There are 2 protein chains.
Amino acid sequence: MVENAVRKVRDEIENAVVAGDFAPGDRLDEVQLATRFGVSRTPVREALMQLSAIGMVELRPRRGAIVVSHGPAKIYEMFEVMAELEGLAGAHAARRLDAKDRAAIAAAHEGCRAAAEANDRDGYYYENETFHFAIYAASRSDFLAEQCGALHRRLRPFRRLQLRVSNRLRASFEEHDAVVRAIFAGDADQAKALLRAHVVVQGDRFGDLLSAYAETARRKTG
Amino acid sequence: MVENAVRKVRDEIENAVVAGDFAPGDRLDEVQLATRFGVSRTPVREALMQLSAIGMVELRPRRGAIVVSHGPAKIYEMFEVMAELEGLAGAHAARRLDAKDRAAIAAAHEGCRAAAEANDRDGYYYENETFHFAIYAASRSDFLAEQCGALHRRLRPFRRLQLRVSNRLRASFEEHDAVVRAIFAGDADQAKALLRAHVVVQGDRFGDLLSAYAETARRKTG
DNA sequence: GTCTTCTTCTTTGTATACAAGAGCGACTAA
DNA sequence: TTAGTCGCTCTTGTATACAAAGAAGAAGAC
């Protein structure tokens, strides 16, 4: 979008973090990253600052960048805020839905159905993302869609972990189905409530997520 | 926080934009800014990238940075999202309030009262900010408080304009008063509804805001 | 033997230099 | 006279060099 080298470096680092190549707490050395990506330190620095603005890495003065490690409370809070914003987007979508948005949501929903029935976790992960972004777009609020998208990207690593839990694929799809029905019926309140419940991570699901998160951290250090 | 020069430059530019020294659409020349602040282009670039991440300036590849100009729809959307997040923060505050947070909110509220009674707009602007940040903190959700703070800063220029409208000071204070009562009573739903209504800009207030915004733009070009 | 301090080395933060792309103007041709 | 193309200049994007700050290790003293 804005530059070439820094954008490339930023995306690469972001993907590496999401994929787990860099674990939380890992130190990101500027010169190492520069040589790894074949650029100078300047674009690496700018990429790190952008990631710091997103909240993916932490920049400590004179001490370099580390991948942020979120405590359980923070993770819960992030999902809670995401739930609130998605609820708002869903309510708007239910009120403002037009044929094009309806088609986009329906298509993404069908993609999720196929992946869920095939028990294809990676596939579902991507289709799920498409589904949620379709709802953001259908809110017809550019700013809200932006905010939702940014937060969604920030939560990517955790969303992926969630799908590890057995049977979560099917449960997630069932929740999607109810959300879609509410939006298509134009029931804003219902869409808001269902979407909020779908996104927020509470009870058993929160415990499941935490244990999966702890496991990846353990796997990384070992 | 992170660096010295870039932080200074970033804050200076942010203040200049909020104060109206740079109008929406103005081009921000890197070398001009560098000489103005007595630093090299490197920290200026990093500051601009951070501001771009916040959404205060827009970076166009090979074409420099311009101060973003928001259309009416975008402004409305931003206040709407702010209202939703503040509502959530208020609900949390009502449920989780402890003595320290209660004292902080009460103190800020009294500050607002004094400024409102003295009809001191600048004073109210600052006390109002303190009041809202006290509620964010009282939510006891670090992430939510962060998000609210970031969005609040982004809306600063408009909040200031709002207070220009005659009698808005008193009306704003009355709304605060109701919010405070709901939070202190532990009524989460009421706090959420009142805070949301206080923040969202609708009806006449939106028209007032837009005309004030248009006027500053006109004053700048003229 | 351990703790403290000094020195050195690594790493970040800033500046400057160089290259490449985009915009604008001038000149030529129709 | 107007339109198109070529070239120049200005500005951004990247690299590298230099300086300062912190951390770590070694040496000396208690």
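Source: prediction; values computed, not measured.
The side-chain contact (heavy atoms from CB on, under 4.5 Å) search around B/Glu129 returns B/Tyr125, B/Phe133, B/His152, B/Arg156, not counting sequence neighbours. Applying the ring-ring contact (aromatic ring centres under 6.0 Å, His included) rule to B/Phe143 yields no partners; only residues at least two apart in sequence or on another chain are considered. With sequence neighbours left out, the side-chain contact (heavy atoms from CB on, under 4.5 Å) criterion links A/Phe37 to A/Val9, A/Glu12, A/Ile13, A/Leu33, A/Val39. For the side-chain contact (heavy atoms from CB on, under 4.5 Å) test, residues two or more places apart in sequence or in another chain that qualify with A/Ala53 are B/Ala53.
Atom CG in B/Leu33 sits about 13 Å away from atom C1' in D/dT11, given to the nearest Å. Look at NZ on B/Lys8: it is 17 Å from P on C/dG13, rounded to the nearest Å. Rounded to whole angstrom, the span from the CD atom of B/Glu46 across to the P atom of C/dT12 amounts to 13 Å. The CZ atom of B/Arg45 sits 14 Å away from the P atom of D/dT11 (whole-angstrom rounding). The interatomic distance linking A/Glu30 (CD) with D/dT14 (P) rounds to 15 Å, in whole Å. Atom CG of B/Leu59 is separated from atom P of D/dT11 by 16 Å (rounded to the nearest Å). Whole-Å rounding puts the B/Ile66 CD1 to D/dT11 P distance at 16 Å.
Heavy-atom minimum distance, B/Leu85 versus A/Val81: CD2-CG1, 3.8 Å. Of all the heavy atoms in A/Phe131 and A/Val180, the pair that sits closest is CE1-CG2, 3.5 Å.
Put simply, A/Arg7 has no side-chain N or O that comes within less than 4.0 Å of OP1 or OP2 on D/dG13.
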Trace of the side-chain hydrogen bond (donor to acceptor under 3.5 Å, both in side chains) decision for A/His92 with B/Glu77: CA-CA 11 Å; A/His92 279 334; B/Glu77 291 165 12; over 6 Å; no
Every protein N/O lying under 3.5 Å from an N/O of nucleotides 23-25 of chain D:
residue: D/dA23; atom: OP1; partner: A/Arg63; partner atom: NE; Å: 3.1

Between the protein and nucleotides 15-20 of chain D, which nitrogen or oxygen pairs come in under 3.5 angstrom?
residue: D/dA15; atom: OP2; partner: A/Ser40; partner atom: N; Å: 2.7
residue: D/dA15; atom: OP2; partner: A/Ser40; partner atom: OG; Å: 2.8
residue: D/dA15; atom: N7; partner: A/Thr42; partner atom: OG1; Å: 2.8
residue: D/dT16; atom: O4; partner: A/Thr42; partner atom: OG1; Å: 3.2

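Between the side chains of A/Tyr136 and A/Glu146, not a single donor N or O lies within less than 3.5 Å of an accepting N or O.
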